[in-house]
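In what follows, a structure is listed as structure tokens, so that the remarks can point back to it.
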Amino acid sequence: MSRSADTRREGPGRTDALVVLSNVNKHFGELHVLQDIDLTIGRGEVVVVIGPSGGGKSTLCRAINRLETIDSGEIFIDGKALPAEGRELAALRADVGMVFQSFNLFAHKTVLQNITLGQLKVRKKDKRAAEERARSLLERVGVASQADKYPAQLSGGQQQRVAIARALAMDPKVMLFDEPTSALDPEMINEVLEVMQQLARDGMTMAVVTHEMGFARSAANRVVFMADGRIVEEATPAQFFGDPRSDRARDFLSKIL
Ligand code: ADP
Ligand code: MG
């Protein structure tokens with residue numbers, strides 16, 4: 001089945017829903033940063049979130065991963081809702097892999113240790129199993145030869161691929177990417193996008209905040225356009241880039257394309 005056919009199954013009632021946000025609201029003081037957000041991501045679906053700076057995209061990602069609280073509404077991951085605390089929260093977080101703009105690797109641990117740590121502490125795996133998994137993930141993202149180096153010895157593109165491997169090591173149900181290539185030198189962007197493309201082809205459920213429109217066109221099942229704390233428009237990439245419905249999206253696209 002083609003990815004675009006997936007988009008017909010929409011709405012919170014869909015049976016393949018993995019991530020569901022229902023009427024989510026969040027304020028920072030006076031600022032209503034998330035306004036009545038309804039969003040469903042189905043299993044294996046790739047949703048690309050785009051929109052102007054300050055629109056709430058990072059806050060949305062952080063809310064899904066419980067790095068931010070919400071004021072009202074509900075967020076479900078694979079049917080499980082907040083509130084969650086302690087071990088339940090840790091387990092929920094482990095189900096949501098997150099990759100940030102700044103790679104956020106542990107500077108004083110080797111690449112291999114970066115990838116085994118969560119497996120040992122959160123997933124309670126034994127050392128040998130964790131290292132085996134780490135090496136196979138490093139292979140998958142193309143940095144196997146860097147296993148014993150420290151993050152600072154790697155290029156930005158390599159560090160970001162390690163960060164992706166680290167997130168994958170937790171066997172997350174969904175991967176969130178918040179502008180994963182924005183901090184990279186131009187020549188390193190494609191090596192990271194290629195890893196993400198492969199992940200998408202392998203069926204990973206993904207939400208990706210990015211300004212890489214080529215990635216959005218080729219990898220997304222659905223584009224979500226977010227501005228001023230609202231989801232203004234949701235469409236297939238072909239619809240969105242070919243004929244955006246809202247003036248806000250038209251205006252945004254005219255500035256970046
Ligand atoms: P985006 O990722 O789309 O650029 P953000 O989610 O980072 O948008 O930010 C949305 C708005 O919320 C911005 O106006 C930003 O300044 C504000 N904001 C983000 N985080 C905080 C915070 N911790 N405290 C106060 N305001 C914040
Ligand atoms: Mg952001």
Side-chain angles (χ1 to χ4, degrees), residues 19-41 46-75 77 82-83 89 93 96-105 156-157 159-160 163-164 166-167 172 174-186 188-189 192-193 196 206-217 219-220 222-235 237 240-241 244-257:
V19 178
V20 177
L21 284 82
S22 173
N23 203 22
V24 169
N25 284 277
K26 164 90 182 165
H27 294 77
F28 287 122
E30 299 281 279
L31 181 69
H32 197 171
V33 61
L34 296 178
Q35 302 185 32
D36 303 324
I37 300 290
D38 288 311
L39 177 66
T40 299
I41 305 174
V46 178
V47 171
V48 167
V49 181
I50 69 173
S53 178
K57 305 181 297 297
S58 292
T59 306
L60 180 75
C61 287
R62 293 169 59 80
I64 293 172
N65 201 23
R66 325 300 199 224
L67 296 169
E68 293 284 359
T69 58
I70 56 176
D71 300 336
S72 64
E74 289 176 299
I75 301 176
I77 308 290
L82 274 183
L89 178 59
R93 276 213 182 114
V96 182
M98 183 134 180
V99 175
F100 302 88
Q101 179 175 333
S102 52
F103 325 124
N104 292 22
L105 295 173
Q159 288 186 56
Q160 195 58 305
I164 293 171
R166 185 177 60 176
V174 54
M175 286 280 286
L176 307 179
F177 294 85
D178 190 3
E179 300 200 27
T181 61
S182 295
L184 295 176
D185 292 335
M188 292 171 189
I189 291 175
V192 172
L193 292 178
M196 293 165 60
M206 295 164 56
V208 182
V209 179
T210 186
H211 301 298
E212 295 294 330
M213 296 303 138
F215 177 85
R217 279 176 197 274
R222 196 146 46 99
V223 172
V224 168
F225 176 70
M226 202 174 168
D228 305 325
R230 289 186 181 279
I231 292 177
V232 177
E233 188 160 341
E234 279 188 61
F240 183 76
F241 293 111
R245 292 188 296 268
S246 64
D247 291 342
R248 199 79 173 76
R250 256 175 222 286
D251 181 53
F252 177 76
L253 287 172
S254 75
K255 285 176 182 145
I256 60 157
L257 292 183

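Note that this is a predicted model, so its numbers are computed, not measured. Atoms within each ligand, like the ligands themselves, are counted from 1 in listed order.
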Looking at [atom1] of [X] and [atom2] of [Y], how far apart are the two atoms once the value is rounded to the nearest 0.5 Å?
X	Y	atom1	atom2	value
N104	Q159	CG	CD	10.5 Å
F225	L253	CZ	CG	7.0 Å
S22	I75	OG	CD1	10.0 Å
M213	I256	CE	CD1	3.5 Å

Would you call the rings of F252 and H211 parallel, tilted or perpendicular, taking 30° and 60° as the class edges? tilted

Show the atoms of ligand 1 that are less than 4.0 angstrom away from any heavy atom in G55. 1 (P), 3 (O), 8 (O)

[atom]: nearest protein contact (heavy atom, Å):
atom	value
atom 4 (O) of ligand 1	G54 N, 2.7 Å
atom 9 (O) of ligand 1	T59 OG1, 3.9 Å
atom 8 (O) of ligand 1	G56 N, 3.1 Å
atom 27 (C) of ligand 1	F28 CD1, 3.2 Å

I need the minimum non-hydrogen distance between V48 and A216, along with the two atoms involved.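 The answer is CG1-CB, 3.8 Å.
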
Considering both backbone and side-chain atoms of [X], is one of its nitrogen or oxygen atoms within less than 3.5 Å of a nitrogen or oxygen in ligand 1?
X	value
V33	no
K57	yes
L31	no

Return the option from S53, G29, S58 holding the heavy atom at the smallest distance from atom 7 (O) of ligand 1. S58

Report yes or no: do D38 and N23 form a side-chain donor-acceptor pair below 3.5 Å? no

Does E233 use its side chain to pair, donor to acceptor, with the backbone of R245 at less than 3.5 Å?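 Yes: the side chain of E233 pairs with the backbone of R245.
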
Just by distance, do the side chain of R93 and the backbone of R66 share a donor-acceptor pair under 3.5 Å?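 Looks like yes, one N/O pair under 3.5 Å.
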
Distance filter under 2.8 Å, centred on the Mg ion (ligand 2) - protein N, O or S atoms that pass it: S58 OG

Might you check, step by step, whether the distance between atom 15 (C) of ligand 1 and some protein heavy atom is under 4.0 Å? no

Sequence neighbours excluded, which residues qualify as side-chain contact (heavy atoms from CB on, under 4.5 Å) partners of P237? A220, V223, F241

